[in-house]
Amino acid sequence: MKYCQDGLRADDARARTVATHMNPIIDFINANRDRYLAELKTYLAIPSISALPEHAGDVRRCAEWTAAELTRIGLQNVRLEETPGHPIVYGEWLGAPDAPTMLFYGHYDVQPVDPVDLWESPPFEATIRDGEIYARGAADDKGQIFMHFKAIEAHLKTGRLPINVKVVLEGEEEVGSANLDDYIKAHKAQLAADVVVISDSPMFDRGIPSICYGLRGLAYFQIDLRGTASDLHSGSFGGAVANPAFVLAQILAGAKDKSGKIKIPGFYDKVRELAPEERAEFARLPFKEAKYRKDLGAPKLFGESGYTTLERVWGRPTFEVNGLLAGFTGEGAKTVIPAVAMAKISTRLVPDQDPDEIAKLIEAWLQKTAPKTVEVKLTKMHGGKPWMTSFDNKFVQAAARAIELGFRERPVFNREGGSIPVVSTFSEELGLPTVLFGIGLPDENAHAPNEKLDLSNFHNGVIASAHLYNELATAGA
Ligand code: BES
Ligand code: MN
Ligand code: MN
């Protein structure tokens with residue numbers, strides 16, 4: 001792998017020539033900005049929360065809106081592909097027989113909105129304040145996929161696309177994509193392409209666009225402990241039996257040492273150490289740790305010793321407790337020994353860790369650690385493999401040129417701590433490289449109250465995406 005944050009210089013002259021031929025498309029985009037916002041507001045108004053069964057109808061309505069939009073922008077063979085869960089939306093434009101094919105993936109489902117009282121404007125009434133559009137899904141991921149809808153439209157309404165396009169939009173990404181891998185495996189010929197494009201990640205920072213070349217993987221679990229058949233009076237029985245809440249706390253406390261190292265035997269065996277060159281590149285990025293800490297509201301940052309914050313988030317695995325439930329948590333006091341205790345835990349994984357292998361290690365560790373005084377059950381939930389590409393890949397470089405054309409800033413190359421498990425499926429099942437073309441910002445509150453999208457990034461992103469199709473076509477030719 002080549003580590004180089006400014007590999008674009010040699011292409012500058014070429015990039016300027018391409019820009020001229022793009023003029024009618026850019027003019028179309030600039031002339032349609034207000035319409036884009038009105039349409040995006042309509043899209044963001046559909047509460048497509050995939051996790052909540054009561055919103056299943058809204059998720060479908062959102063799939064239908066998405067499909068209608070794909071038809072409006074000029075795609076063909078648009079359809080809903082039914083799955084055992086929420087539908088996948090498919091559309092294509094294959095009018096450039098000699099050009100490469102881009103497979104565009106994104107998701108139209110969104111996260112739940114709770115705690116809803118913390119929203120400053122209703123999550124499904126998109127509201128513009130200070131150059132940002134606030135709504136659930138604004139950044140993750142409706143706003144970012146809508147940017148591509150408009151870039152595709154700009155090409156098709158002013159002429160033709162320079163590249164063939166296949167669009168796959170999922171309605172179950174936020175709940176672990178249970179049906180996506182099967183769909184991909186069953187439609188290999190239909191999905192054949194040269195490169196995957198995904199816009200579902202933040203850029204490095206405000207004013208610092210980036211191309212992301214690595215994602216962490218994920219393995220998610222629930223741990224259930226049972227101590228007794230029923231809750232017990234803590235006076236009558238306290239001292240005679242183990243308390244599962246306490247046992248759970250002991251087990252979890254044993255998962256890491258004070259320096260943040262994970263103590264599960266074998267956990268680090270497959271971890272690819274960060275290369276010295278890569279650590280040097282991370283260190284060159286304009287990361288402001290004091291501001292980062294302050295923005296997070298953390299009294300002090302904490303992570304695995306021996307690594308910087310960026311290294312910890314991008315290049316090291318984690319073990320986290322996502323939720324804990326046990327005993328009496330209401331107002332006042334109740335003298336009780338709970339019968340059960342539960343924890344949701346997850347690990348973020350880095351190359352070359354494998355979520356199935358990690359699941360086995362965690363199962364073995366739990367069985368060994370849990371005392372005989374409790375029954376313990378580990379349930380595996382969703383997961384996904386980590387991913388990393390070489391950023392001298394020709395499509396990654398093409399994407400970097402497109403970012404520079406759209407944002408007038410040379411992008412940096414970054415990794416991300418989040419997970420998009422389908423990226424490794426595209427690689428393994430279809431043999432495709434992926435380009436992560438994210439235009440969100442790290443502080444846009446994805447999965448949190450007051451999610452938002454910066455509108456100047458959105459508009460620059462539409463222009464960058466329009467350039468992207470050109471640059472990919474040239475790179476792949
Ligand atoms: N858009 C995110 C993935 C992401 C987040 C990429 C941050 C890069 C940086 C995606 O919608 C998401 O939330 N993914 C889940 C994974 C999943 C299996 C539920 C995640 O990362 O927790
Ligand atoms: Mn997303
Ligand atoms: Mn998400």
Side-chain angles (χ1 to χ4, degrees), residues 44 48-52 59 62 66 85-86 104-113 123 135-148 168-181 196-205 209-222 310 312-315 317-323 344-350 355-356 358-359 380-389 413-426 434-449 451-453:
L44 292 171
S48 51
I49 306 171
S50 50
L52 303 177
V59 177
C62 191
T66 307
H86 302 302
F104 176 70
Y105 163 85
H107 61 96
Y108 67 83
D109 66 324
V110 300
Q111 285 275 333
V113 295
R136 174 55 90 226
D140 186 12
D141 180 29
K142 282 176 177 170
Q144 298 200 58
I145 62 179
F146 189 75
M147 158 185 100
H148 284 274
V168 172
L169 301 167
E170 197 199 346
E172 300 185 300
E173 196 277 342
E174 297 293 10
V175 288
S177 305
N179 297 296
L180 186 61
D181 280 8
V196 176
V197 171
I198 302 179
S199 290
D200 190 22
S201 50
M203 56 170 76
F204 180 71
D205 201 354
S210 58
I211 297 289
C212 177
Y213 67 94
L215 292 166
R216 288 196 291 191
L218 180 70
Y220 202 113
F221 309 88
Q222 178 169 325
L310 286 184
R312 288 167 179 168
V313 176
W314 292 352
T318 63
F319 177 101
E320 294 298 348
V321 180
N322 302 108
K344 306 266 186 188
I345 60 164
S346 64
T347 61
R348 293 283 169 174
L349 308 175
V350 299
D356 294 329
I358 292 296
K380 191 173 175 224
M381 302 173 83
H382 52 60
K385 290 183 187 166
W387 169 81
M388 189 146 93
T389 185
F413 290 93
N414 68 328
R415 286 167 69 172
E416 273 296 338
S419 308
I420 308 179
V422 73
V423 173
S424 67
T425 310
F426 284 135
T434 290
V435 167
L436 291 184
F437 202 71
I439 59 103
L441 285 170
D443 68 354
E444 284 182 334
N445 303 326
H447 297 201
E451 180 177 349
K452 58 184 172 171
L453 182 68

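Read the numbers this way: they start at 1 and go in the same order the structure lists the ligands and their atoms. Values in this document were obtained by computation on a predicted structure and should not be read as measured data.
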Side chains of [X] and [Y], heavy atoms from C-beta outward: is any pair under 4.5 Å?
X      : Y      : result
Arg216 : Val313 : yes
Asp140 : Asp200 : yes
Leu436 : Thr434 : yes
His107 : Ile145 : no
Tyr105 : Val423 : no
Arg348 : Ser419 : yes
Phe204 : Leu310 : yes
Val350 : Trp314 : no

Can you sort out which atoms of ligand 1 are near [X], meaning under 4.0 Å from one of its heavy atoms?
X      : result
His107 : 11 (O)
Leu218 : 18 (C)
His447 : 13 (O)
Glu174 : 11 (O), 12 (C), 13 (O)
Pro202 : 8 (C), 9 (C)
Ser201 : 8 (C)

Which atom, counting only N, O or S, brings His447 closest to the Mn ion (ligand 3)?
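Of all N, O or S atoms belonging to His447, NE2 is the one nearest the Mn ion (ligand 3).
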For [Y], does its backbone N or O pair with a side-chain atom of [X] as donor and acceptor, under 3.5 Å?
X      : Y      : answer
Ser199 : Gln144 : no
Asp109 : Val59  : no
Arg136 : Pro449 : no

Using a 4.0 Å heavy-atom cut-off, which part of Ala446 comes near ligand 1: side chain, backbone, both, or neither?
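The answer is neither.
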Applying a strict 4.0 Å limit to heavy atoms, is [X] in contact with ligand 1?
X      : result
Asp141 : no
Gln111 : no
Gly384 : no
Arg216 : no

Which heavy atom of the protein is the closest neighbour of [atom], given with residue, atom name and distance?
atom                    : answer
atom 14 (N) of ligand 1 : Ser419 O, 3.1 Å
atom 10 (C) of ligand 1 : Glu173 OE2, 3.2 Å
atom 7 (C) of ligand 1  : Gly418 CA, 3.8 Å
atom 6 (C) of ligand 1  : Asp200 O, 3.6 Å

Shortest heavy-atom approach to atom 22 (O) of ligand 1 - which of Gln144, Glu170, Arg348
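Result: the heavy atom closest to atom 22 (O) of ligand 1 is in Arg348.
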Over 60° means perpendicular and under 30° means parallel, so tell me whether Phe104 and His148 are parallel, tilted or perpendicular.
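If you compare the ring of Phe104 with that of His148, the planes turn out tilted.
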So, with waters excluded, how many protein N/O/S atoms does the Mn ion (ligand 2) have closer than 2.8 Å?
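Protein N, O or S neighbours of the Mn ion (ligand 2) under 2.8 Å, waters not counted, come to 4.
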With sequence neighbours left out, the residues meeting ring pair (Phe, Tyr, Trp, His ring centres under 6.0 Å) with Tyr220 are His382
His382-ligand 1 polar pair, N/O distance under 3.5 Å:
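No: no nitrogen or oxygen of His382 is under 3.5 Å from one in ligand 1.
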If I apply the N/O under 3.5 Å rule, does Glu416 come out as touching ligand 1?
no
Is the number of heavy atoms from other residues, nucleotides or ligands under 6.0 Å of Lys452 NZ greater than 12?
yes
For residues Asn179 and His86, is any side-chain donor paired with an opposing acceptor at under 3.5 Å?
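On atom types as modelled, these side chains do not qualify, holding no pair under 3.5 Å.
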